[in-house]
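The structure appears right after this line, and notes come after that.
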Amino acid sequence: MRPSGRALILLTTVTAVLAGCATQGEKDRPRPKPDALVVNFVQPMNDNPGKGKLSRARISTKSGDIQILEPDGSVTEMDLEGDSVDAFAAVSEADLMMLNDNLGLNFAAMGDLGPVKKKPTAQELALAEFRARTQPMLPALKKNYEAEPELFRGVSVEGLKDSAGKSRDMVKVNANLKRGVDADTAFAYATCALAGWAEANGKHYARHIMTDQEKRNGELQIGAYFTLSDHQPMGLRVMKSDETLQACKDRGIPAT
């Protein structure tokens with residue numbers, strides 16, 4: 001059973017009174033609990049919400065019996081576990097505010113305790129700014145650039161292993177091109193081949209490490225090294241396989 005409205009207010013008042021029975025010092029023993037308490041409380045008026053009348057009650061701390069001295073001098077006994085017409089649901093916000101004033105409590109300084117918005121840290125702001133500067137890895141070729149098929153003479157991608165023979169998330173792209181091809185076109189060819197290989201092997205991102213090149217038998221040969229990852233890595237130039245493949249297709253650069 002739920003306590004009645006008057007019982008609820010009495011319980012709150014008695015709790016505040018009993019809290020003063022213990023001393024602050026850790027070494028001191030609390031004073032014995034009294035057999036009964038006489039308390040003043042504001043009793044809500046059902047016929048006039050927001051108003052109340054000051055009443056006095058005697059509460060047994062052993063049995064829990066409550067005896068309320070009514071304004072006309074009569075005494076009303078209340079069962080703490082019983083139901084009444086002014087049940088818990090009848091206690092309005094105005095009633096609770098009167099109880100708050102009666103106990104001398106002031107929660108105004110607490111302000112609105114709504115959700116607290118966490119401000120980003122300086123590190124998070126710096127990382128976000130750095131990511132905003134990230135650009136596609138594919139070189140910025142001329143807007144009307146169209147690749148000539150005879151420039152590209154074969155490409156291969158090999159996964160690199162560590163000293164123990166275990167595979168690493170690093171690959172080398174070997175590309176052969178017609179002699180005289182500029183560096184941007186050569187690197188674009190290697191990047192397109194890498195994007196095609198990464199897409200086929202379930203890798204979505206790559207970052208360039210280094211590139212070496214040499215000329216042999218009338219051809220330009222380059223070896224470009226990349227690290228692969230499933231999530232976008234930090235870096236000013238990052239390859240995203242699906243976007244890179246589309247850009248290679250638009251410019252006529254082969255990905256195999």
Side-chain angles (χ1 to χ4, degrees), residues 117-256:
K117 294 183 178 180
K118 181 181 177 182
K119 294 183 178 181
T121 63
Q123 181 181 13
E124 291 171 339
L125 292 173
L127 289 175
E129 183 181 355
F130 188 83
R131 291 191 187 97
R133 297 169 57 191
T134 301
Q135 300 178 10
M137 187 184 297
L138 202 65
L141 302 174
K142 296 180 180 180
K143 187 175 181 180
N144 57 350
Y145 175 86
E146 292 185 8
E148 300 175 10
E150 63 272 14
L151 297 179
F152 311 105
R153 298 185 175 181
V155 66
S156 64
V157 181
E158 59 176 313
L160 302 180
K161 298 181 180 181
D162 59 20
S163 58
K166 295 182 179 180
S167 298
R168 299 188 298 176
D169 290 331
M170 181 178 292
V171 296
K172 178 184 180 183
V173 180
N174 300 297
N176 298 322
L177 300 99
K178 182 179 178 181
R179 192 167 185 175
V181 172
D182 61 84
D184 284 346
T185 302
F187 185 73
Y189 184 31
T191 303
C192 291
L194 172 65
W197 185 92
E199 185 79 4
N201 287 273
K203 298 293 184 179
H204 304 291
Y205 298 95
R207 188 172 59 177
H208 180 240
I209 303 299
M210 60 172 290
T211 299
D212 54 40
Q213 66 178 31
E214 63 176 334
K215 298 176 182 178
R216 182 183 300 176
N217 300 326
E219 292 184 348
L220 173 64
Q221 297 180 341
I222 69 169
Y225 296 83
F226 302 87
T227 57
L228 305 172
S229 61
D230 297 326
H231 305 286
Q232 183 170 340
M234 295 296 295
L236 293 178
R237 289 193 176 272
V238 174
M239 185 214 72
K240 188 175 181 180
S241 57
D242 53 352
E243 294 180 357
T244 302
L245 284 174
Q246 184 60 50
C248 295
K249 182 179 179 181
D250 295 341
R251 297 175 181 180
I253 304 174
T256 55

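Atoms considered below: every heavy atom in the structure, side chains included; atoms not considered: hydrogens, waters and symmetry mates. Just so it is clear, the model here is predicted, and its values are computed rather than measured.
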Listing request: all disulfide (SG to SG under 2.5 Å) pairs with a residue in residues 225-256, at least two apart in sequence or in separate chains.
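For residues 225-256, and leaving out neighbouring residues, the disulfide (SG to SG under 2.5 Å) pairs sorted by first residue read Cys192-Cys248.
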Pairing residues for [X] by the side-chain hydrogen bond (donor to acceptor under 3.5 Å, both in side chains) criterion, not counting sequence neighbours:
| X | answer |
| --- | --- |
| Arg153 | none |
| Glu158 | Asn174 |
| Asp250 | Gln246 |
| Gln232 | none |

Find the distance between [atom1] ([X]) and [atom2] ([Y]) and round it off to the nearest 0.5 Å.
| X | Y | atom1 | atom2 | value |
| --- | --- | --- | --- | --- |
| Met239 | His204 | CE | NE2 | 10.0 Å |
| Thr244 | Tyr205 | OG1 | OH | 10.5 Å |
| Asn176 | Leu151 | CG | CG | 13.0 Å |

Pairs satisfying salt bridge (Lys or Arg N to Asp or Glu O under 4.0 Å), at least one member in residues 182-201, at least two apart:
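Those involving residues 182-201 do not exist here.
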What pairs meet the salt bridge (Lys or Arg N to Asp or Glu O under 4.0 Å) rule with one or both residues in residues 168-179, with sequence neighbours excluded?
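Output for this query lists Asp169-Lys203.
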Residues two or more places apart in sequence or in another chain: which of them pass side-chain contact (heavy atoms from CB on, under 4.5 Å) with Val157?
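Listed in chain order: Val171, Val173, Trp197.
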Counterpart residues, side-chain contact (heavy atoms from CB on, under 4.5 Å), relative to Ala186 (two or more places apart):
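Counting only residues at least two positions away or on another chain, Ala186 forms a side-chain contact (heavy atoms from CB on, under 4.5 Å) with Leu177, Leu220, Ile222.
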Pairs involving residues 234-256, ordered by first then second residue, that meet ring pair (Phe, Tyr, Trp, His ring centres under 6.0 Å) (sequence neighbours left out):
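Residue pairs with at least one partner in residues 234-256: there are none.
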Can you pull the ring pair (Phe, Tyr, Trp, His ring centres under 6.0 Å) pairs that have at least one residue in residues 218-256, sequence neighbours excluded?
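Output for this query lists His208-Phe226.
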Closest non-hydrogen atom pair, [X] against [Y]:
| X | Y | answer |
| --- | --- | --- |
| Ala175 | Tyr189 | CB-CD2, 3.9 Å |
| Pro233 | Ser229 | CD-OG, 3.6 Å |
| Ala206 | Leu194 | CB-CD2, 3.7 Å |

Partners meeting salt bridge (Lys or Arg N to Asp or Glu O under 4.0 Å) with Asp242 (sequence neighbours left out):
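None.
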Just checking [X]: does its [atom1] atom have more than 12 heavy atoms from other residues, nucleotides or ligands closer to it than 6.0 angstrom?
| X | atom1 | result |
| --- | --- | --- |
| Asp212 | CG | yes |
| Glu150 | CD | yes |
| Gln123 | CD | no |

Do Asn217 and Glu219 have side chains that get closer than 4.5 Å, going by heavy atoms?
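They are not in side-chain contact.
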Phe152 vs Thr185 side-chain heavy atoms within contact, under 4.5 Å:
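Yes, close enough: below the 4.5 Å cut-off.
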